[in-house]
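The chain is numbered in sequence order, starting from 1. Fair warning: this is a prediction, and the values are worked out from it, not measured in the lab.
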Amino acid sequence: MTIYRGAREKRKSDIVKVEARAKLVKLALQVVKEKKYIFKFKKHLLENVAKFVEDAEAATLREAILCDGLELQKKSAHVVVSGFYKSKTYSAIIDEWILDNPNCVINKVRRRHGSDAKLRLECSELSNECARLSSDLIEAQDRLVGFENNPGKIAPSCLMDELHNAYFAVDALIGEFGAFLKINAGGVILDNVLQRNLIPMTVIKGYLEWKKREIKGDTIR
């Protein structure tokens with residue numbers, strides 16, 4: 001499977017940005033807990049978190065620019081509350097935190113199942129990790145195919161090591177999150193009612209062949 005390189009790099013960059021902002025969201029919530037803030041509505045909590053994240057990202061950008069000796073020409077992104085509602089990752093983090101710290105928000109929607117937020121957070125983090133591994137696999141496989149399609153070139157051993165390392169990472173992920181995943185004709189999917197495809201078969205096929213060849217005796221669901 002070959003995709004536009006720019007799109008792949010943007011996807012990897014997006015994952016890094018989401019994970020970096022997720023860390024700031026968790027830090028903002030930790031500050032709320034330590035200072036024992038109480039909010040009337042969830043929206044007010046999110047406004048506090050958004051302000052914290054925006055200030056932190058602006059400070060990081062200023063620090064990076066000062067280190068490079070450049071003028072401040074680019075502003076950090078404005079963080080809006082609606083973005084937290086729309087993002088599966090951020091909303092899951094915040095909902096789980098509210099469950100663990102119920103006194104911080106006075107008026108909140110009561111969920112029928114307290115484990116819902118935790119499950120959504122786990123699925124969101126798993127989805128991000130699968131997207132990262134999928135991107136790494138595609139990149140390594142595409143580079144290898146480039147050598148295979150050119151008879152005059154031999155793929156360096158480091159490239160094969162890179163691909164095998166990607167396979168080991170996928171193998172470890174499946175081993176750790178086997179309760180949430182299954183493999184079918186479509187690829188690696190979430191083993192729940194959503195049946196979300198995390199890594200397509202066109203990407204995971206090479207791993208499955210490697211698994212049969214290199215780790216005999218192990219079985220995959």
Side-chain angles (χ1 to χ4, degrees), residues 1-26 60 64 87-93 96 118-221:
M1 177 182 181
T2 302
I3 61 175
Y4 178 52
R5 182 176 180 81
R8 180 172 63 231
E9 293 304 320
K10 181 179 185 304
R11 177 57 177 156
K12 293 177 70 174
S13 175
D14 289 344
I15 294 171
V16 171
K17 290 178 181 177
V18 168
E19 292 177 340
R21 180 167 286 187
K23 290 180 179 178
L24 291 177
V25 169
K26 292 177 181 178
T60 300
S87 168
K88 293 183 177 67
T89 298
Y90 308 142
S91 63
I93 290 172
E96 182 190 26
K118 295 182 184 295
L119 180 60
R120 287 193 297 116
L121 178 58
E122 290 174 346
C123 289
S124 176
E125 292 176 342
L126 180 58
S127 178
N128 287 340
E129 184 59 25
C130 283
R132 180 199 300 279
L133 290 176
S134 180
S135 180
D136 289 344
L137 269 177
I138 291 172
E139 185 171 353
Q141 289 171 349
D142 282 354
R143 290 176 61 192
L144 186 61
V145 168
F147 280 97
E148 292 175 345
N149 291 341
N150 191 329
K153 292 185 177 181
I154 300 177
S157 59
C158 62
L159 183 55
M160 291 302 300
D161 290 341
E162 179 183 333
L163 184 58
H164 286 168
N165 287 338
Y167 288 157
F168 274 116
V170 172
D171 196 61
L173 183 78
I174 293 175
E176 182 176 356
F177 297 98
F180 297 96
L181 301 172
K182 69 178 180 180
I183 298 178
N184 63 14
V188 178
I189 66 172
L190 276 176
D191 191 13
N192 58 19
V193 293
L194 296 177
Q195 297 287 294
R196 185 184 302 158
N197 191 309
L198 300 178
I199 306 180
M201 179 54 71
T202 50
V203 176
I204 205 69
K205 183 178 179 181
Y207 158 78
L208 295 178
E209 294 173 349
W210 169 86
K211 177 77 173 179
K212 292 179 181 179
R213 183 174 63 252
E214 300 292 339
I215 311 181
K216 296 179 180 179
D218 286 359
T219 57
I220 303 177
R221 298 172 60 218

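Among residues two or more places apart in sequence or in another chain, the side chain to side chain contact (heavy atoms under 4.5 Å, CB included) test is passed with A22 by T89, Y90, I93. Residues that satisfy the side chain to side chain contact (heavy atoms under 4.5 Å, CB included) test with I189, not counting sequence neighbours, are K182, N184, Q195, N197. A search for side-chain hydrogen bond (donor to acceptor under 3.5 Å, both in side chains) contacts involving E19 returns R132, not counting sequence neighbours. Residues satisfying the salt bridge (charged side-chain N to carboxylate O under 4.0 Å, His left out) test with K26, not counting sequence neighbours, are E125.
When every heavy atom of S87 is checked against every heavy atom of S91, the shortest pair comes out as O-OG, 2.7 Å.
Between F168 and W210, the ring-plane angle classifies as perpendicular under the 30° and 60° cut-offs.
For the atom pair CG of L208 and CG of D171, the computed distance is 10.0 Å after rounding to the nearest 0.5 Å.
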